[in-house]
Structures are given as C-alpha cells and as structure tokens.
Protein chains: 2
Amino acid sequence: MIAFKGRTYTCPIDVTFSFINGKWKVLILSHLYRYKKRSYSEIRDNLPRISEKMLSQQLKEMEADELIVKKTISSKPYRVEYALAKNGKAFSPIMEFASKWGIRYLKANGIDYLKDQELYK
Amino acid sequence: MIAFKGRTYTCPIDVTFSFINGKWKVLILSHLYRYKKRSYSEIRDNLPRISEKMLSQQLKEMEADELIVKKTISSKPYRVEYALAKNGKAFSPIMEFASKWGIRYLKANGIDYLKDQELYK
DNA sequence: CAGCATCCTCTAGGATACTG
DNA sequence: CAGTATCCTAGAGGATGCTG
C-alpha cells in the first residue's frame, strides 16, 4: 500500500488512474488531445450526454491536478480556452493506444469507424 | 456517436475504456499481468479493500468480455486460477505505461516506490 | 458564453452472513 | 477455497434554472 496525500493506493497504476478515473475525464482529455484548444461549449457539445455540473466539475479537478490549463482569452464577451497541460500531455500514449485499440475492436465487430467516421458526428 | 450492442459511445477511446472502467478492473488486470496466474484469494488479498461482491462481479464481467480466463485446476479441494486472456493481454501497454507514469509521479512527489517497495506490501 | 447552485435519483459498491 | 445472497448507504452523476 502507498500512502499519499491522505489516500491509500494499491500500486503505482492505482496512482496513475486516480487522475483519470471518473466517467468523463478520459474523454475530455482525448478531445483536447485531438483539438488542442477548445472552448467550454465546444467540449460540452462534443460530449452530448454530459451535464453542465459534471463538465465544470471535471474540468476543475483536472485543472487542479494540472492535467489541463484554462486560459481566459477575452473578458467581454467572456471567452475561455482549455488545453492540455504538461501532465495531461503525458497521457497521450494512453489516448493513442486506446484509440487504436477501440478502432480495431470495432472493426473486428463489424464497425469501420475510420471509413464511416462522418456517420458518427 | 457510435452505436454498439445497445450502448452509445462518443469515440473509440470511449469503447476501449468501457472495458476497464470500474474501480477495480485495472488493478485486477495489472495484478494478473504481473503474476500471470492467480487464485481468487490471492487476488483478493492483494486488493485489501475490495469486497467479495465486487471481486467476483468484476471477475465475471471481465471473463464475459474475454479479458481474463478462469480455469478450474482441482475440484476437491476446489481451486481455480485466473489469468489474462488474449484481449486482456492486449491492454499490457497501458499497464506498463501507467505503472511507469505512477512511479515517476510518486518520485517527483518524494516517494521512491522502487527503492521502498518492501514497505508497500 | 461560461459557468454555479440546488435538488434529486439511482446505482456502484460495501458489510455481512451463508454455501458447496 | 471460492464464491452467493441480501440488504443498505454514500456519493457519483443528472435535471433544471439562474447569473455575470
């Protein structure tokens, strides 16, 4: 067991996944990984079933964990921009891998994601 | 959106993580990744805070998803053995990566997991 | 546009006891 | 040893309306 910041972890893998557990974090990270800079509403609209509460909550947690950075790019009208921070970029290999794995799995199950991508918007 | 087996997914990454979401799956997989073959109680004892219910439930789901295989190695006394199946082994790169990431993160925060490993049993 | 504040639901997950 | 079967609760997550 590893004791760290008031929590206990089974192993380093446990530590790593504690950053990206939660229903939406991986999806937000992968979205930012793909699009580099995105506004609040762009992220929301890409994740059709996320609630405002969840979105802002997860964004905040990930900002606190320094996985992402938020930048105010204009104050009137108020506009912001989210992007991966260094720690967040460090997860890119997982995104890459999970993406390829998913595409391969779908293909093995009769769905050609790459070919039919425009259908899945 | 991707419709598949009665669920909808945002993207292939969503598909991939649907297999390993849940509080314990990654930890069980990484444990099997490390030890190859493990009995029910060996897995349980390595995950001190897991409940019997969760353990058997997650094992079953992962067996159904063909991430792991269960083998009865003796019927009296009843003994079983869990191991990674092909699909489960396919996640090894994520385990490897997450393990290294966690170790590096811990080190950056003053915990030398490798050096002090015997403390974390 | 980019959120917060509330209130509410529901189910993931835990505790405990029991079985072949 | 390797699990089931119940019962129960905390808190993850959703719906909705409001604000600077």
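These numbers come from a predicted model, not from an experiment. Labels below follow one simple rule: chain letters A, B, ... track the order of the sequence lines, proteins then strands, and each chain is numbered from 1.
In this model, the phosphate group of C/dG3 is not approached by any side-chain N or O of A/K60 to a distance below 4.0 Å at OP1 or OP2. The side chain of B/Y82 places no N or O atom within less than 4.0 Å of a non-bridging phosphate oxygen (OP1 or OP2) of D/dC1. Remark: B/S39 is in phosphate contact with D/dA2, judged by side-chain N or O atoms under 4.0 Å from OP1 or OP2. The shortest distance between the side-chain N/O atoms of A/S56 and the OP1/OP2 oxygens of C/dC4 is below 4.0 Å.
Between the SG atom in B/C11 and the CG atom in A/N46 there is a gap of 7.5 Å [rounded to 0.5 Å].
Taking atom OH of residue A/Y40 and atom P of nucleotide C/dC1, one finds them 11 Å apart after rounding to whole Å. As a whole-Å value, the separation of B/N46 CG from D/dA2 P is 15 Å. Atom C1' of nucleotide C/dA2 and atom CD of A/E81 are separated by 14 Å, given to the nearest angstrom. With rounding to whole Å, A/L55 atom CG is found 15 Å from D/dA15 atom C1'.
The side-chain hydrogen bond (donor to acceptor under 3.5 Å, both in side chains) contacts involving residues 16-25 of chain A comprise A/K25-A/E61, where partners must be two or more places apart or lie in separate chains.
Among the protein residues, B/K70 comes within range of the sugar-phosphate backbone only, with heavy atoms under 4.0 Å from sugar or phosphate atoms but none that close to a base.
Figure legend: cation-pi geometry between A/K36 and A/Y33, with NZ or CZ positioned under 6.0 Å from the six-membered ring centre and within 45° of its axis.
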Inset, instruction - Using a 4.0 Å cut-off on protein heavy atoms (strictly under), produce a 5'-to-3' string for nucleotides 12-20 of chain C with B for base contact, S for backbone-only sugar-phosphate contact, and - for none. - result: -BBB-----
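In terms of the side-chain hydrogen bond (donor to acceptor under 3.5 Å, both in side chains) criterion, A/E66 has no residue partners (sequence neighbours excluded).
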